[in-house]
Amino acid sequence: MSRQITLDIPEEVVERAERIARLSHRNIGDVLTTALAVALPPMPLPEDAADIRRLPDDDLLKLCRLEMAEEDDRRLSELLELNSEGDLSETDRKQFVSLMAAYEAGLLLKASALAEAVRRGLRPPFQPPV
């Protein structure tokens, strides 16, 4: 199943997608759909904040300690280094985008869990160092 949506995409991104489409003999819609699928990989996330609020305390505290798998974290660090040097291959770029999306989703999930834990009094509020 698919849905049709309308997006305003920056010209630079459209040009890159058109170039990839030409080189790979695909249409631009397929290229953009693939790019979105890579950037937004399936992962277990609560549907909304209400899901986090319904978690038992133990499960909530586990989410507060959520960390990326050590191997993925190591690989993401390598890819960040390569990216800063401008040395990412196409395969590396796809993996980089996927790992960054997973990292960002994990941070969002962890932040939501921490906020709920603070609200419940399970964790103290963040105090910046003085």
Side-chain angles (χ1 to χ4, degrees):
M1 184 175 88
S2 64
R3 289 184 14 199
Q4 185 174 14
I5 61 170
T6 303
L7 299 172
D8 291 323
I9 301 174
E11 188 63 32
E12 172 186 313
V13 174
V14 172
E15 289 170 1
R16 285 193 310 244
E18 287 173 335
R19 196 167 35 253
I20 292 168
R22 272 193 313 277
L23 291 169
S24 63
H25 304 289
R26 298 164 53 205
N27 71 51
I28 191 170
D30 289 342
V31 169
L32 292 170
T33 299
T34 299
L36 284 171
V38 168
L40 303 170
M43 60 188 65
L45 290 174
E47 287 299 314
D48 57 33
D51 286 349
I52 286 180
R53 286 193 294 268
R54 286 191 287 270
L55 286 174
D57 290 352
D58 288 345
D59 290 345
L60 183 68
L61 291 171
K62 284 179 190 173
L63 279 180
C64 291
R65 295 185 299 274
L66 184 67
E67 290 187 17
M68 183 174 246
E70 190 175 319
E71 181 178 321
D72 288 342
D73 185 48
R74 190 176 321 109
R75 180 63 178 147
L76 180 56
S77 294
E78 292 169 3
L79 292 169
L80 282 165
E81 178 81 19
L82 289 172
N83 186 54
S84 69
E85 296 167 1
D87 289 337
L88 280 181
S89 69
E90 184 63 23
T91 302
D92 286 344
R93 186 191 62 73
K94 287 178 183 176
Q95 188 179 26
F96 175 67
V97 169
S98 180
L99 286 172
M100 277 303 296
Y103 175 75
E104 290 169 352
L107 279 180
L108 178 61
L109 185 58
K110 185 175 184 174
S112 298
L114 284 165
E116 178 62 15
V118 168
R119 189 188 71 74
R120 291 185 195 179
L122 301 171
R123 298 277 307 250
F126 174 73
Q127 296 292 322
V130 181

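If you take SG on Cys64 and CG on Leu109, they are separated by 9.5 Å, rounding to the nearest 0.5 Å. For the atom pair Leu114 CG and Arg65 CZ, the distance stands at 10.5 Å (nearest 0.5 Å). Note that CG of Leu79 is 11.5 Å distant from CZ of Arg93, once rounded to the nearest 0.5 Å. To the nearest 0.5 Å, atoms CG (Leu66) and OG (Ser112) are separated by 11.0 Å. Atom CD1 of Ile9 sits about 12.5 Å away from atom CD of Glu15, to the nearest 0.5 Å. How far CD of Glu67 is from OH of Tyr103: 10.0 Å, rounded to the nearest 0.5 Å.
For Arg75 and Asp92, the salt-bridge test passes: some basic side-chain N is under 4.0 Å from an acidic carboxylate O. Taking a cutoff of 4.0 Å between a charged side-chain nitrogen and a carboxylate oxygen, Arg74 and Glu70 qualify as a salt bridge. Taking a cutoff of 4.0 Å between a charged side-chain nitrogen and a carboxylate oxygen, Arg22 and Glu18 do not qualify as a salt bridge.
Side-chain contact between Glu104 and Leu108 is absent, with no heavy-atom pair separated by less than 4.5 Å. Between Leu61 and Arg123, the closest side-chain pair of non-hydrogen atoms falls below 4.5 Å. Taking 4.5 Å as the limit, every side-chain heavy atom of Leu32 sits out of range of all side-chain heavy atoms of Leu7.
One hydrophobic cluster holds both Met68 and Leu82 under the rule that ILVMFWY side chains link at heavy-atom gaps under 4.5 Å. In the hydrophobic clustering of ILVMFWY residues, with side-chain heavy atoms under 4.5 Å counting as a link, Ile5 and Val13 come out together. Hydrophobic cluster membership is shared by Leu99 and Leu80, with clusters built from Ile, Leu, Val, Met, Phe, Trp and Tyr side chains linked at under 4.5 angstrom. Cluster annotation: Leu107 is connected to Phe96 through the hydrophobic network of ILVMFWY side chains, with a link wherever side-chain heavy atoms come within less than 4.5 Å.
Within a 6.0 Å radius of NZ in Lys94, other residues, nucleotides and ligands contribute 12 heavy atoms or fewer. By the 6.0 Å contact criterion, CG on Asp58 is open, its count of non-hydrogen atoms from other residues, nucleotides or ligands being 12 or less.
The main-chain N or O of Ile20 is never found under 3.5 Å from a side-chain atom of Arg26 such that the two would form a donor-acceptor pair. A distance-only check finds a donor-acceptor pair linking the side chain of Thr34 to the backbone of Asp30 [under 3.5 Å].
Looking at every heavy atom in both residues, Leu55 comes nearest to Leu63 through CD1-CD1, 3.5 Å.
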Query raised in the report: Would Asp51 and Arg54 satisfy side chain to side chain contact (heavy atoms under 4.5 Å, CB included), going step by step from the backbone distance to the final call?
Result: CA-CA 5 Å; Asp51 286 349; Arg54 286 191 287 270; 2.4 Å; yes
